[in-house]
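Throughout, a chain's letter reflects where its sequence line sits, starting with A, and its residues are numbered from 1. No hydrogens, no waters, no symmetry mates; every other heavy atom, side chains included, goes into these values. In this text the structure is predicted, and so the values were computed from the model without any measurement.
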Amino acid sequence: MAKNNKSNDPMAKLVALCKRRGIVFQSSEIYGGVGSTYDYGPYGVEIKNNISRLWWKEMTLNHDEIVGLDSAIILHPKVWEASGHLKEFHDPFVECKNCKRRIRFDEFIKECYAILMRKFNIISKAFDNGELIKPSQLSEDSPERQVMERILELAEFQQLSGIKITSDDADEIVIEYVLKNYNQCSTCGAKGTLLPPREFNLMFRTNMGPVENADSIAYLRPETCQGIFLDWKIVQESNRLKVPFGIAQIGKAFRNEITTSNFIFRTREFSQMEMQYFVKPGETSKWINHWKEQRWNYYLSLGIKEENLRWYEHPQEKLAHYAKEAWDIEYQFPFGWGELEGVHDRGDFDLKAHQEASGKDMTYFDDGTRERYHPHIVETSAGLNRTMLAVLADAYREDEQAGEQRIYLALDPKIAPVKASVFPLVKKGGLREIARAIYEDLRGQIPVFYDEQGSIGKRYRRMDEIGTPYGFTIDFQTLEDNTVTVRWRDTLKQERINKDRLGTYLLEKLGTL
RNA sequence: GCGAGAGUAACUCAGUGGUAGAGUAUCACGUUGCCAACGUGAAGGUCGCGGGUUCAAAUCCCGUCUCUCGCUCCA
């Protein structure tokens, strides 16, 4: 455990709270931890489940035309060829860090040689009136002389040794020369922004069956939506769905990110909540706007403050290979704005790609209008883990009570892992027995927590840290009039209500479970 | 990937060659009339890992791993 100054870093404080209360913590910790893997403890899994259940409910219960699906994580390898992920995720690329444009490596080599030849032409004209230039005619420290000498050295080495020099060796020299001396992006024109070629292999690769060979290679899905695209016709036909309709799925996806960062914000294993909405061509923008509004409201319903949310529209040149129009909902994390969800126009890219690759018909026939077409897809794709991080970051509060710092999570009651605590003020005088009875009555229908240990203040604080919104305390007045104290997490205010009304009180406050 | 720093109890840390410690947290019992009270006690540690030097290593040396910060990167 590294020592660092946590006193002023809100993220560090949130991470510490998550570990202290067993909400989220480093996975495989007894072996020193694996980078970027986290486990969700008892309260963490409740919070995560609450968020995903609210999403599921919003999608499937509130919409007749949206149905659920749980597709496989490992799909046929050809899926990823057709979807473009193998090509886009696998080849070496040279990337411009300014405009983020990636140039395929083989294209880039051609560009490099073109630059080199152009340069030599210019030099040879200047020096030699168009005659072939010799290295000695170039100034000692010119980059052209250096690259030329190195290539000649290679040729000489090949001649003397008989060892064949591959074109890769020469390529390396030329690429190095271009990156060092003429590093300019052909798309945006920025200078010095091209990064050395690297292989982007973002899919987790594994093998189907015990034999490892080229034929058995399989991939863990890098996005959940492909399963929806493969299954959409059977879902549509078996459920007699008519365009527009949607298919919702919650599941894990895996990406071999180059780097991971910011706690559970970017991890290699993560959960997506995706709803793919199948619409008639030409109606896309109407539905994009519809879902933008719907999805925005979802985050408000989780209790996230609206001023911490914003829309970000992807500029055309940054769009993913499948997207035509793309909007992201971003949250203002302590470390900056970060994407929570994308509302994207995927057009008919996916269905057409799978039709072509599989040879299976992927069109929809509209019985009403007698039209046959590939539906266009409006995608809403949310990250569950980062949504939970946003919810936690948004709920984290510190205040001061009687000179003592209090840390609490102002979670929406719908999200809170425990809805109410049940405490006897003290153990004696029969209070414990009444508290126990109330607790036994509530649990099983509502998540509640019983505690009798330590002072009442300490018990409240423990509940504050996991965001329990209500505290029921059984005191001596309970013996007289059957009322208990309800204590609110955020304001610390109290009221008294009849002990038989606690269940309905909670259900009223929660609105839903 | 590069540079710097850090790894000792669940947490925060002290401990410069000679019996591994404190505070907080946890648990038990007592006490306790509403916001981290108190008393007594208990449990909890391969000092990141491996090797070396030494009569003796948490401490010195070498290697290694992990984490943090800054660059870099981030479908």
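- Ring-centre distance between Trp337(A) and Tyr312(A): not below the 6.0 Å cut-off.
- Across every strand in view, G21(B) sits in a pair with C13(B) that passes the Watson-Crick or G-U test at under 3.5 angstrom.
- In this structure, Lys19(A) atom NZ and U68(B) atom P are separated by 12 Å, rounded to whole Å.
- To the nearest whole angstrom, the two P atoms, one in A37(B) and one in U26(B), are 10 Å apart.
- Residue-to-nucleotide contacts include a donor-acceptor pair under 3.5 Å from the side chain of Gln494(A) to the base of C34(B).
- For the P atoms, the distance linking A20(B) with G1(B) amounts to 39 Å, nearest Å.
- Enclosure of atom CD in Glu440(A) by more than 12 non-hydrogen atoms of other residues, nucleotides or ligands within 6.0 angstrom is indicated.
- Of the residues near RNA chain B, Gly454(A) and Asp464(A), the one whose nearest nucleotide (by heavy atom distance) lies more toward the 5' end is Gly454(A).
- If you measure from atom CG of Leu492(A) to atom P of A36(B), you get 10 Å, rounded to the nearest angstrom.
- For Lys419(A) (side chain) and Pro413(A) (main-chain N/O), a donor-acceptor pair under 3.5 Å exists by modelled atom type.
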Check nucleotides 27-30 of chain B against the protein and report each pair of N or O atoms closer than 3.5 Å, with its distance, or say if there are none.
{"residue": "C27(B)", "atom": "OP2", "partner": "Gln453(A)", "partner atom": "NE2", "Å": "2.7"}
{"residue": "A28(B)", "atom": "OP2", "partner": "Gln453(A)", "partner atom": "OE1", "Å": "3.1"}

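- If you take atom P in U12(B) and the same atom in G3(B), they sit 28 Å apart, rounded to whole Å.
- A distance of about 32 Å separates the P atoms of G21(B) and G63(B), rounded to the whole Å.
- Counting non-hydrogen atoms under 4.0 angstrom, Glu465(A) reaches a base of the nucleic acid.
- Listed pair Ser455(A) / A37(B) meets the phosphate criterion, a side-chain N or O lying under 4.0 Å from OP1 or OP2.
- Rounded to an integer number of Å, the gap from CG of Asp328(A) to P of C74(B) is 16 Å.
- Listed for the Asp350(A) side chain is no donor-acceptor partner under 3.5 Å among the backbone atoms of Ala353(A).
- In this structure, Phe263(A) has its ring center no closer than 6.0 Å to that of Phe265(A).
- Looking at which nucleotide of RNA chain B each of Trp488(A) and Lys428(A) is closest to, the 5′-most match is held by Lys428(A).
- Here, U31(B) and A14(B) have their C1' atoms 33 Å apart, quoted to the whole Å.
- For Arg266(A) and C74(B), a side-chain-to-base donor-acceptor distance below 3.5 Å is present, hydrogens and geometry of angles not being considered.
- With hydrogens and angles ignored, no donor-acceptor pair under 3.5 angstrom links the side chain of Arg406(A) to the base of C35(B).
- With both ends at atom C1', the span from A22(B) to U8(B) equals 13 Å, rounded to whole Å.
- Atom CD of Glu452(A) and atom P of U32(B) are 15 Å apart (whole Å).
- The separation of A56(B) from U19(B), taken at their P atoms, amounts to 15 Å, rounded to a whole angstrom.
- Searching all strands for a Watson-Crick or G-U wobble partner of G3(B) with both distances below 3.5 Å returns C69(B).
- Pair assignment for G63(B): C49(B), on the basis of Watson-Crick or G-U wobble contacts that are both within less than 3.5 Å.
- Across the protein-nucleic acid pair, Phe423(A) atom CZ and G33(B) atom C1' stand 16 Å apart, rounded to whole Å.
- In this structure, the side chain of Arg459(A) engages the main chain of Asp451(A) through a donor-acceptor pair within 3.5 Å.
- Across the protein-nucleic acid pair, Arg459(A) atom CZ and A36(B) atom P stand 12 Å apart, rounded to whole Å.
- Of the possible donor and acceptor atoms, none in the side chain of Gln494(A) sits under 3.5 Å from a partner among the backbone N and O of Thr485(A).
- Counting non-hydrogen atoms under 4.0 angstrom, Arg20(A) reaches nothing in the nucleic acid.
- Nucleotide C38(B): paired with G30(B) (Watson-Crick or G-U wobble, both distances less than 3.5 Å).
- With C1' as the reference atom, G5(B) and A9(B) are 23 Å apart, rounded to whole Å.
- In this structure, Arg295(A) contributes its side chain and Gly342(A) its backbone to no donor-acceptor pair below 3.5 Å.
- Cation-pi geometry between Arg489(A) and Tyr408(A) is not satisfied (NZ or CZ under 6.0 Å from the ring centre, within 45° of the ring normal).
- The interatomic distance linking Arg487(A) (CZ) with A36(B) (P) rounds to 10 Å, in whole Å.
- Using N1 to N3 plus N6-O4 or O6-N4 for Watson-Crick, or N1-O2 and O6-N3 for G-U wobble, each under 3.5 Å, G44(B) pairs with nothing.
- Put simply, CZ on Phe335(A) is 18 Å from C1' on G70(B), counting in whole angstrom units.
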